Enquirer: 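Okay, handing you the structure first.
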There are 2 protein chains.
Amino acid sequence: MSDTPSRLLNLLSLLQTPREWPGSELAERLRVSPRTIRRDIDRLRELGYPVRSSMGAEGGYRLVAGTAMPPLLLDDEEAVAIAVGLRAAAGHAVAGIEEASVRALAKVIQVLPSRLRHRVSTVNAATMPLAGDGPTVDPDDLTVLVAASAGAERLRFGYRDGDGTESKRLVEPLRLVHAGRRWYLVAYDNHRDDWRSFRVDRITDPFPTGVRASPRELPAEDAAAFVAGRRSDWGLPTFRMVVTLHAPASRVAGRLGDAPGDVRPIDEHSCLLDSSRDDSLEWLAHRMAMLGCEFEVHEPPQLAEQLRALSARVSRAAG
Amino acid sequence: MSDTPSRLLNLLSLLQTPREWPGSELAERLRVSPRTIRRDIDRLRELGYPVRSSMGAEGGYRLVAGTAMPPLLLDDEEAVAIAVGLRAAAGHAVAGIEEASVRALAKVIQVLPSRLRHRVSTVNAATMPLAGDGPTVDPDDLTVLVAASAGAERLRFGYRDGDGTESKRLVEPLRLVHAGRRWYLVAYDNHRDDWRSFRVDRITDPFPTGVRASPRELPAEDAAAFVAGRRSDWGLPTFRMVVTLHAPASRVAGRLGDAPGDVRPIDEHSCLLDSSRDDSLEWLAHRMAMLGCEFEVHEPPQLAEQLRALSARVSRAAG
DNA sequence: GCCATCTGGGACAGAAACTGACCTACATGG
DNA sequence: CCATGTAGGTCAGTTTCTGTCCCAGATGGC
């Protein structure tokens with residue numbers, strides 16, 4: 001309850017609250033003398049956690065940004081919030097950090113108290129899958145796969161091949177790779193006696209056997225290169241769009257996310273949007289549809305086509 | 001570098017990796033004797049972190065789910081992934097855990113090394129704002145507000161009133177409240193000398209003054225009740241939809257998220273969807289539009305109208 | 001300008017802890 | 001049956017930690 005290491009953890013936890021803590025209050029909370037608190041603060045600083053202190057009356061301690069990430073001490077609700085956010089990010093593949101998202105999710109899920117697990121899934125109800133293209137990947141499956149890869153544990157799963165033929169697999173997983181909006185598992189197939197890359201969306205019911213396998217050498221520079229070499233289904237074509245939006249630039253900026261690309265005002269009531277990133281047609285189309293204002297497409301022509309198809313489908317649905 | 005508390009933290013960090021660690025390997029990594037590792041494991045268990053150990057050869061230690069959340073030790077990329085996920089969740093208001101998301105985000109942002117901050121915002125580029133209704137709230141603003149509230153720090157910001165009149169405010173923030181798909185800041189306005197609830201989407205450039213204010217008594221049961229009493233703009237009306245989807249139930253399930261509501265197969269090629277949750281028309285419309293299959297709306301009639309408007313807008317845009 | 005209130009840190013003595021080096025018991029898989 | 005792993009007892013020496021004295025310096029309010 002009150003030995004030194006646990007007290008340090010508690011102190012870190014208190015300091016992570018975004019407020020100032022006078023040393024006296026910390027001392028009271030942790031049931032030690034103020035002098036000990038000062039020493040503990042010193043210790044934390046030596047460990048690399050930057051504790052800023054403001055002098056004078058009204059002063060106090062607080063944890064600020066440093067060079068390394070301190071251990072995050074979360075309460076129940078915060079833990080659930082993080083799990084939900086990561087599930088969404090991993091499942092919908094936020095570009096650039098997919099693999100880190102899944103790793104972090106695996107960490108959180110591994111230690112998430114069971115009473116909180118069901119809350120994660122129920123809350124997830126409110127989320128909408130973003131990726132418009134192709135089947136979605138179950139984030140829970142992803143965490144199973146990443147855990148098995150990290151632990152080099154043998155894995156069983158069902159696999160539906162490109163032809164649609166189903167098979168049972170027993171593999172030694174190496175790594176999870178994200179490429180071209182898809183997840184791949186690079187693993188050594190024990191039945192086929194060779195390396196394979198599996199599309200995760202075609203994997204069903206992955207189940208870790210609990211047996212550790214000794215690492216093998218992959219006949220490629222790394223897992224990503226292996227997938228790149230094997231992959232037959234190169235990702236969907238991507239486009240960059242140019243559209244005129246009939247809404248003031250200021251209003252648009254807030255609704256396009258953080259880096260909407262290049263938004264140039266034309267006049268008081270309209271602006272020109274040049275999405276600097278490349279994205280799939282479906283993504284671009286939905287993004288525009290959700291904007292809620294009138295607009296005109298200049299580039300690419302395929303986007304106009306996509307929008308016509310969308311409009312027709314929606315119109316048919318409305319009857 | 002190698003005193004006891006820091007070693008315990010390192011040990012926790014190692015055990016959070018989803019794999020098995022034999023005691024000897026841990027001893028080597030932490031530069032202590034295996035006996036000390038066993039003692040450390042004991043200590044962690046006493047602190048409430050459940051370390052599972054498998055006996056026999058091929059055995060080892062690993063951290064499993066317990067009753068409390070252990071401190072999360074993250075590497076750079078994982079930290080960024082969590083921040084991105086939370087930003088998305090907080091900004092788009094995943095129902096039910098909005099306030100916890102913002103609290104967690106404030107914690108992460110507070111200690112996130114500065115070199116990682118810009119990565120969070122650049123990665124966010126790929127995200128799409130979900131909430132279709134009303135202006136979006138900047139997650140960064142939210143973290144500033146929640147930090148100031150927790151620390152009882154005086155706050156300055158610009159405010160655009162319901163009439164559109166701009167004003168400068170100096171307030172003592174009490175709490176951030178989420179109600180009816182909107183964020184409100186409950187605070188004591190130092191110029192008006194009274195309690196107010198501010199809509200966060202109308203707040204610009206919040207800036208903490210660094211001055212702590214002594215807490216005042218709110219003339220209401222709690223902040224949520226205060227907002228509920230003051231709020232003139234009751235949230236948007238919500239609806240529950242019933243639609244027929246012209247796609248196999250199995251294919252739809254994967255693309256609707258985790259709790260899509262009630263999906264009942266009609267035949268091999270179509271199914272009936274009853275969204276059990278209430279949502280805004282805009283949300284429902286976009287959700288259907290993104291589904292990518294043919295569908296027919298049965299309930300509510302307002303949704304059909306919304307879809308007709310959407311279709312018309314998109315059709316005009318496609319030219 | 002004074003005072004209250006905070007951080008920062010030195011010195012010291014007694015108490016508490018931590019560690020490594022033994023040892024044995026027990027579980028597991030080949 | 002053996003190798004390899006966890007589990008845990010004991011012991012002695014050392015280290016560390018704590019509380020209680022101090023006093024210096026910074027800051028904001030009166």
Side-chain angles (χ1 to χ4, degrees), chain A residues 1-11 14-15 19-47 49-64 151-154 209-214, chain B residues 1-12 14-15 19-47 49-64 151-154 172 190 208-214:
Chain A
M1 172 80 177
S2 67
D3 43 329
T4 319
S6 120
R7 176 159 40 79
L8 277 183
L9 279 178
N10 278 333
L11 184 56
L14 289 177
L15 289 177
R19 56 162 286 197
E20 296 252 319
W21 292 90
S24 55
E25 195 172 344
L26 292 173
E28 202 177 324
R29 283 244 188 177
L30 301 174
R31 308 288 185 79
V32 287
S33 75
R35 183 68 184 88
T36 302
I37 291 294
R38 284 204 290 279
R39 273 193 275 247
D40 284 352
I41 299 276
D42 267 0
R43 239 186 308 236
L44 287 182
R45 284 180 179 150
E46 272 169 28
L47 290 180
Y49 307 127
V51 181
R52 202 198 57 190
S53 52
S54 18
M55 302 281 270
E58 302 270 312
Y61 300 96
R62 77 191 303 170
L63 195 60
V64 296
E153 267 185 49
R154 280 226 183 85
T209 61
V211 181
R212 251 191 297 177
S214 43
Chain B
M1 175 78 177
S2 68
D3 42 330
T4 319
S6 119
R7 176 160 38 80
L8 277 183
L9 280 179
N10 277 334
L11 184 57
L12 259 178
L14 289 177
L15 289 177
R19 55 162 285 198
E20 296 251 320
W21 292 91
S24 55
E25 195 172 343
L26 292 173
E28 201 176 325
R29 282 242 188 179
L30 301 175
R31 309 287 183 80
V32 288
S33 74
R35 182 69 184 90
T36 302
I37 291 294
R38 284 204 290 279
R39 272 193 277 247
D40 285 352
I41 299 274
D42 270 0
R43 238 187 308 236
L44 288 182
R45 284 177 178 153
E46 271 169 28
L47 290 180
Y49 306 129
V51 181
R52 201 198 57 190
S53 52
S54 20
M55 301 285 266
E58 300 270 313
Y61 300 96
R62 79 190 302 170
L63 194 60
V64 296
E153 265 184 50
R154 279 224 183 90
E172 300 170 10
N190 285 118
T209 60
V211 181
R212 249 193 300 176
S214 43

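Proteins get letters first, then strands, A, B, ... in listed order; numbering begins at 1 in each. Since this is a predicted model, take the numbers as computed values, not measurements.
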Enquirer: Mind checking if B:R45 touches a base, just sugar-phosphate, or nothing, with heavy atoms under 4.0 Å?
Expert: sugar-phosphate
Enquirer: Roughly how many Å is it from CD in B:E25 to P in D:dT6, rounded to a whole number?
Expert: 11 Å
Enquirer: Mapping A:P22 and B:R43 to their closest nucleotides on DNA chain C, which lands nearer the 5' end?
Expert: A:P22
Enquirer: With side chain to side chain contact (heavy atoms under 4.5 Å, CB included) as the criterion, how do A:L9 and B:L8 come out once you've worked through the C-alpha distance, each side chain's angles and the decisive distance to 0.1 Å?
Expert: CA-CA 10 Å; A:L9 279 178; B:L8 277 183; over 6 Å; no
Enquirer: In whole Å, what is the span from the CG atom of A:L8 to the P atom of D:dC17?
Expert: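 Spelled out: CG on A:L8 to P on D:dC17 is 9 Å.
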Enquirer: With nearest nucleotides of DNA chain D determined for A:R38 and A:S33 from heavy-atom distances, which residue corresponds to the more 5′ nucleotide?
Expert: A:S33
Enquirer: Are the charged groups of B:R52 and B:E20 less than 4.0 angstrom apart, N to O?
Expert: yes
Enquirer: Counting just side-chain N and O atoms, does A:T36 come under 4.0 Å of either OP1 or OP2 of D:dG19?
Expert: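 Yes, such a contact exists.
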Enquirer: When the distance from CD1 of B:I41 to P of C:dC18 is rounded to whole Å, what number comes out?
Expert: 15 Å
Enquirer: May I ask you to say whether A:D40 pairs ionically with A:R43, meaning some side-chain N is under 4.0 Å from a carboxylate O?
Expert: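 Counted as a salt bridge, because a side-chain N and a carboxylate O are separated by less than 4.0 Å.
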Enquirer: Phosphate oxygens OP1/OP2 of C:dC6: is one of them under 4.0 Å from a side-chain N or O of A:S53?
Expert: no
Enquirer: With heavy-atom distances below 4.5 Å as the criterion, would you say the side chains of A:D42 and A:R38 are in contact?
Expert: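 Result no, sub-4.5 Å side-chain heavy-atom pair not found.
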Enquirer: Categorize B:R52 for me: base, sugar-phosphate, or nothing, with a 4.0 angstrom heavy-atom threshold over every strand shown.
Expert: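 B:R52: no heavy atom of the nucleic acid under 4.0 Å.
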Enquirer: Whole-Å distance between D:dA7 C1' and B:L26 CG?
Expert: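 Answer to the nearest Å: 15 Å.
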Enquirer: Atom CD1 of A:I37 to atom C1' of C:dT7: distance rounded to whole Å?
Expert: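 So the two atoms are 13 Å apart, to the nearest Å.
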Enquirer: With a 3.5 Å cut-off and just heavy-atom distances, do the side chain of A:R35 and the base of C:dG8 make a donor-acceptor pair?
Expert: no
Enquirer: Any side-chain N or O of A:R39 below 4.0 angstrom from OP1/OP2 of C:dG8?
Expert: no
Enquirer: Out of curiosity, B:S6 OG to B:L11 CG, how far, rounded to the nearest 0.5 Å?
Expert: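 If we round to the nearest 0.5 Å, B:S6:OG and B:L11:CG are 10.5 Å apart.
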Enquirer: Rounded off to whole Å, could you give me the CG-to-P distance for the B:L44 and C:dC18 pair?
Expert: 12 Å
Enquirer: Atom CD of B:E28 and atom P of D:dG5: how far apart are they, to the nearest Å?
Expert: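 Computing the B:E28:CD to D:dG5:P distance gives 12 Å.
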Enquirer: Nearest whole angstrom, please: distance from the C1' of D:dT6 to the CG of B:D40.
Expert: 15 Å
